[in-house]
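All chains are named by letter (A, B, ...) in the order of the sequence lines, taking the proteins before the strands, and each is independently numbered beginning at 1.
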There are 2 protein chains.
Amino acid sequence: MTDQQNKYEHLDEETLFIVSQTFKALSDPTRIRILHLLGEKECNVSEIAEELSLMQSTVSHQLRFLKNLRLVKFRRAGTTLFYSVDDEHVMTLLHQSIHHARHD
Amino acid sequence: MTDQQNKYEHLDEETLFIVSQTFKALSDPTRIRILHLLGEKECNVSEIAEELSLMQSTVSHQLRFLKNLRLVKFRRAGTTLFYSVDDEHVMTLLHQSIHHARHD
DNA sequence: TTATTATATGAACATATGCTCATATATGTT
DNA sequence: AACATATATGAGCATATGTTCATATAATAA
């Protein structure tokens, strides 16, 4: 019988990058609040800003961040852009974490 | 019948803090690698450093971070400290995310 | 076209983050 | 006690991050 050393299987670079990026998106209170709100209902930018008491600019910047990671998407209605969530996996991670935070 | 406005239920400050802290812990490649390794097997500090090609100091700093959040724990054996994971919820989040990253 | 409304963007700034170096501390050994 | 080994810690530094301000862009209305 050969040695059973069971060498540790490293995480590959790409997986590590995707995973860290995903969690980074969820690591900021403002982005969490935006995602949580969009999880409840589709919203346009100014609705988000008002509901969460944030500057329009702040919301817009964070939406760009979330859109780059394909965590949110939008549809246009005239000059208004309605944003909604676009990654159910990530929303599941968020909701699980919220649930744990409340019950631990 | 009264209006059914369904006002949005805000996340409370404490939940928001815990959730963002948790995801912040998982947002850094080095911490992800350490947690993933500890998920496979208990390790002492120098084993982690060698296995992941990190400076002892870097590992020690990150372990302190993870320990403060109670994501890892340790037992002492002489001058050697053996670290292991201490939050199954968070490890579940990590493994789910790795799985999604690989299959999407 | 001009004006209006909604959203996006870039620059500037303050703060946070992660790494490395040097050194401290703690336990065990001789 | 003196020494060796394992780990922890603080300072310094470079980079990343999040917000705000001012302004640009885009669609629509008059």
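Remark: aromatic rings of H99(B) and H95(B) are distant, center separation not under 6.0 Å.
Across dT9(D), dT20(D), dT7(D), the shortest atom-to-atom separation from the side chain of M55(A) is found for dT20(D). Taking the side chain of R76(B) as heavy atoms from C-beta on, and the options dA26(C), dG18(D), dA8(C), the nearest nucleotide is dA26(C). Comparing dA8(C), dG18(D), dA22(C) by their nearest atom to the side chain of L81(A) picks out dA8(C). The side chain of F65(A) lies closest to dG18(D) when the candidates are dG18(D), dG10(C), dT7(D). Relative to the side chain of V45(B), the nucleotides dT7(C), dT20(D), dA8(D) differ in distance, and dA8(D) lies closest.
The side chain of T30(A) places an N or O atom within less than 4.0 Å of a non-bridging phosphate oxygen (OP1 or OP2) of dT19(D). Contact annotation: Y83(A) side-chain N/O to dA8(C) OP1/OP2 distance is under 4.0 Å. Applying the 4.0 Å criterion to OP1 and OP2 of dA6(C), one finds that T79(A) has every side-chain N and O outside that range. Using a 4.0 Å cut-off, no side-chain N or O of R31(B) falls inside it from OP1 or OP2 of dT17(C). One finds no side-chain N or O of R64(A) lying less than 4.0 angstrom from the OP1 or OP2 phosphate oxygen of dG18(D). For Q62(A) and dT17(D), the shortest distance from a side-chain N or O to OP1 or OP2 is not below 4.0 Å. One finds no side-chain N or O of S57(A) lying less than 4.0 angstrom from the OP1 or OP2 phosphate oxygen of dA8(C).
Counting to the nearest Å, the C1' atom of dT17(C) and the CG atom of D28(A) are 14 Å from each other. What separates CD of E47(B) from C1' of dA6(D) is a distance of 12 Å, to the nearest Å. Summarising the geometry, the separation between CG on L16(A) and P on dG18(C) is reported as 13 Å, rounded to the nearest angstrom. Between the P atom of dA26(D) and the CZ atom of R75(A) lies a distance of 21 Å, rounded to the nearest Å. Rounded to a whole Å, the CD atom of E50(B) is 12 Å from the P atom of dT7(D). In this structure, the CD1 atom of I32(B) is 15 Å from the C1' atom of dT17(C), given to the nearest Å. Atoms CG (N68(A)) and C1' (dA8(C)) sit 12 Å apart, rounded to a whole Å. In this structure, the CG atom of L63(B) is 11 Å from the P atom of dT9(D), given to the nearest Å.
As judged by a 4.0 angstrom heavy-atom cut-off over every strand, T80(A) is placed among residues touching the sugar-phosphate backbone only. Base contact: T58(B) has a heavy atom under 4.0 Å from a base atom. The residue K24(B) sits close only to the backbone: its heavy atoms come under 4.0 Å of sugar-phosphate atoms, none of a base.
We find the OG1-CZ distance between T58(B) and R31(B) to be 12.0 Å, quoted to the nearest 0.5 Å. Note: I48(B) CD1 to L81(B) CG = 10.0 Å, rounded to the nearest 0.5 Å. Summarising the geometry, atom CG belonging to L37(B) is positioned 5.0 Å from atom NZ belonging to K41(B); distances are rounded to the nearest 0.5 Å.
For Q56(B) against dA6(D), no side-chain N or O and base N or O form a donor-acceptor pair under 3.5 Å. Judged by distance alone with a 3.5 Å cut-off, no donor-acceptor contact links the side chain of H61(B) to the base of dT17(C).
Pairing of dT30(C), defined by two Watson-Crick or G-U wobble distances under 3.5 Å, is identified with dA1(D).
Using a 4.0 Å cut-off between charged side-chain N and carboxylate O, R33(A) and E51(A) make no salt bridge.
Between the side chains of H89(A) and Q96(B), not a single donor N or O lies within less than 3.5 Å of an accepting N or O.
G39(B) and M91(B) get closest at one heavy-atom pair: CA-CE, 3.7 Å.
Residues F82(B) and L54(A) both approach DNA chain D. Their nearest nucleotides, taken by heavy-atom distance, put F82(B) toward the 5′ side.
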